[in-house]
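Below is one structure, written out as structure tokens; comments come after it.
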Amino acid sequence: MFLLDPCLHRAHLRLMKDGPDISRIGAMLGDRTRSGMLVALLSGKALTAGELALETGVTPATASGHLKQLTETGLVSVASQGRHRYYTLAGEEVGHALETLIGLASTKGHLRTRTGPRDPALRQGRVCYDHLAGTAGVRVFDSLVTRGFLILDDAITLSEPGRAWATGFGIDLAPLDKARRPMCRTCLDWSERRTHLAGGLGAALLSRLFDNGWAQRLPDSRVVEFTRKGQLAFEATFPVRSVQ
């Protein structure tokens, strides 16, 4: 029988005790119903327990039990309005982690047995928490980078020409400058396996697409669908140039 050296055993125990404990979050994600609820909340919409129960195919009582655990773990926030309680992801970092895990599951072959009818549309354009993802989201990021509007260094920042462009596109940068949330943040796109833009600027850009009438979010879905004119305007606004 192999016996571990006592000194090595104590060192191993110290490593297990030091640093953040990810086991509780892992346990939340390890349940299919809870993970399904979290993915449903990636739409950025506030949903009730009943809506999440329908989304995941469980009873309202079961959904409430799962939501209590997700709330206690800090992955989900809840707000009361009248007789209803609305659930959302607890913050952008939760959405960012979920999108990364979806990408990891995709690259490792952990896919659903059956793809849904909206899967191709989700890959084209979708809401990731509050910013644009999919092929369209990657196009935005690539366009801003190749034109020098985004600077990729130790951190991603908006250049002075980029600030001028954003202002001209109708984005008020003042509140984004003051916010605690990063203005620019990269997010690994699970379907494209490339980077799209998150952070305050990513959210503001998606809002402008909706305000301009170029695109809309389909009901009860994360899909972002462009109108014909909106697609042409989008492609003209975010041209993609090859990097020399």
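Along the sequence shown, residues are numbered consecutively beginning with 1. Hydrogens, waters and symmetry mates are skipped; everything else that's a heavy atom, side chains included, is used.
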- Task: For the pair Thr135 (side chain) and Arg123 (backbone), establish whether a donor and an acceptor sit closer than 3.5 Å, ignoring hydrogens and angles.
- Result: yes

- Message: Can you tell me how the ring of Phe238 sits relative to the ring of Phe234, calling it parallel under 30°, perpendicular over 60° and tilted otherwise?
- Response: tilted

- Message: So which atom in Asp31 and which in Thr33 form the shortest heavy-atom distance, rounded to 0.1 Å?
- Response: OD2-N, 2.9 Å

- Task: Report, as yes or no, whether the 6.0 Å neighbourhood of atom CD on Glu55 holds more than 12 heavy atoms from other residues, nucleotides or ligands.
- Result: no

- Side-chain ion pair, Glu93 and Arg185, N-O less than 4.0 Å: no

- Query: Should Phe141 and Arg194 be marked as a side-chain contact (heavy atoms from CB on, under 4.5 Å) after you check the CA-CA gap, both sets of side-chain angles, and the distance that decides it?
  - Reply: CA-CA 10 Å; Phe141 182 83; Arg194 293 167 60 197; over 6 Å; no

- Item | Value rounded to 0.5 Å, distance of CG in Asn212 from OG1 in Thr227 | 10.5 Å

- Rounded to the nearest 0.5 Å, what's the gap from CZ on Arg24 to CD on Gln69? Could you check? 9.0 Å

- Task: Tell me, with the steps shown, if Ile171 and Leu176 meet side-chain contact (heavy atoms from CB on, under 4.5 Å).
- Result: CA-CA 9 Å; Ile171 296 175; Leu176 301 185; 4.1 Å; yes

- Task: Answer yes or no: is there an ion pair linking Arg126 with Asp189, defined by an N-O contact shorter than 4.0 Å?
- Result: yes

- Query: Of Ile151, Leu158, Leu144, Leu152, which meets side-chain contact (heavy atoms from CB on, under 4.5 Å) against Cys184?
  - Reply: Leu158

- Task: Please state whether the rings of His196 and His131 are parallel, tilted or perpendicular, taking 30° and 60° as the class boundaries.
- Result: tilted

- Query: Sub-3.5 Å donor-acceptor pair from the side chain of Ser143 to the main-chain atoms of Val240, do we have one?
  - Reply: no

- Message: Is there a path of hydrophobic side-chain contacts, each under 4.5 Å between heavy atoms, that joins Val140 and Leu173?
- Response: yes

- Using a 4.5 Å cut-off on heavy atoms from C-beta on, say whether the side chain of Leu132 contacts that of Leu205. no

- Side-chain (Ser64) to main-chain (Pro60) donor-acceptor, under 3.5 angstrom: yes

- How far does CZ of Arg222 sit from CG of Leu42, to the nearest 0.5 angstrom? 4.5 Å

- Say whether Leu206 and Val138 are linked into one hydrophobic cluster, either directly or through other cluster members, by side-chain heavy-atom distances under 4.5 angstrom. no

- Cationic N near anionic O, under 4.0 Å, Asp130 to Arg181: yes

- Query: For Trp214, which of Leu232, Thr237, Val224 qualifies under side-chain contact (heavy atoms from CB on, under 4.5 Å)?
  - Reply: Thr237

- Any side-chain heavy atom of Tyr87 within less than 4.5 Å of one from Thr48? no

- Given side-chain contact (heavy atoms from CB on, under 4.5 Å), test Cys128 with His96 step by step and report yes or no. CA-CA 8 Å; Cys128 175; His96 183 78; over 6 Å; no

- Is it true that Leu29 and Leu188 fall in one hydrophobic cluster, defined by side-chain heavy atoms closer than 4.5 Å? no

- Message: If I compare all heavy atoms of Glu92 with all of Gly199, which pair ends up nearest, and what's the gap?
- Response: OE2-N, 2.7 Å

- Message: Under 4.5 Å between side-chain heavy atoms, counting indirect links through other Ile/Leu/Val/Met/Phe/Trp/Tyr residues: same cluster for Tyr86 and Leu67 or not?
- Response: no

- Does the side chain of Lys68 reach to within under 4.5 Å of the side chain of Thr71, using non-hydrogen atoms? no

- Check whether the side chains of Ser221 and Arg217 place a donor and an acceptor atom closer than 3.5 Å, and report yes or no. no

- Message: Quick one about Thr56 and Arg34 (side-chain donor to acceptor, distance below 3.5 Å, no hydrogens or angles considered), yes or no?
- Response: no

- Item | Salt-bridge present (Arg228, Glu235; N to O < 4.0 Å) | no

- Query: Charged N to carboxylate O under 4.0 angstrom, Arg163 versus Asp177?
  - Reply: yes

- CG-CE distance between Leu75 and Met28, expressed to the nearest 0.5 angstrom: 8.0 Å

- Message: Membership question, hydrophobic clusters at under 4.5 Å side-chain separation (ILVMFWY): are Tyr129 and Val39 in the same one?
- Response: yes

- Note on the structure: Applying side chain to side chain donor-acceptor pair (under 3.5 Å) to Arg32 and not counting sequence neighbours gives none

- Check: Ser80 main-chain N/O paired with Arg85 side-chain donor or acceptor under 3.5 Å: no

- Item | Atom pair CG (Leu41) and CG (Leu89), whose distance is rounded to the nearest 0.5 Å | 5.0 Å

- Query: Between Leu47 and Leu52, what is the shortest heavy-atom contact and its length?
  - Reply: CD1-CD2, 3.7 Å

- Item | Spacing of CG belonging to Asp142 relative to CD belonging to Glu192, to within rounding of 0.5 Å | 9.0 Å

- Query: Got a donor-acceptor contact below 3.5 angstrom from the Thr195 side chain to the Thr186 backbone?
  - Reply: no

- Task: Kindly give the heavy-atom pair with the smallest separation between Ala198 and Cys187, and that separation in Å.
- Result: CB-CB, 4.0 Å

- Query: So, for Ala53 and Ala63, which heavy atoms are closest and what is the spacing to 0.1 Å?
  - Reply: CB-CB, 3.7 Å

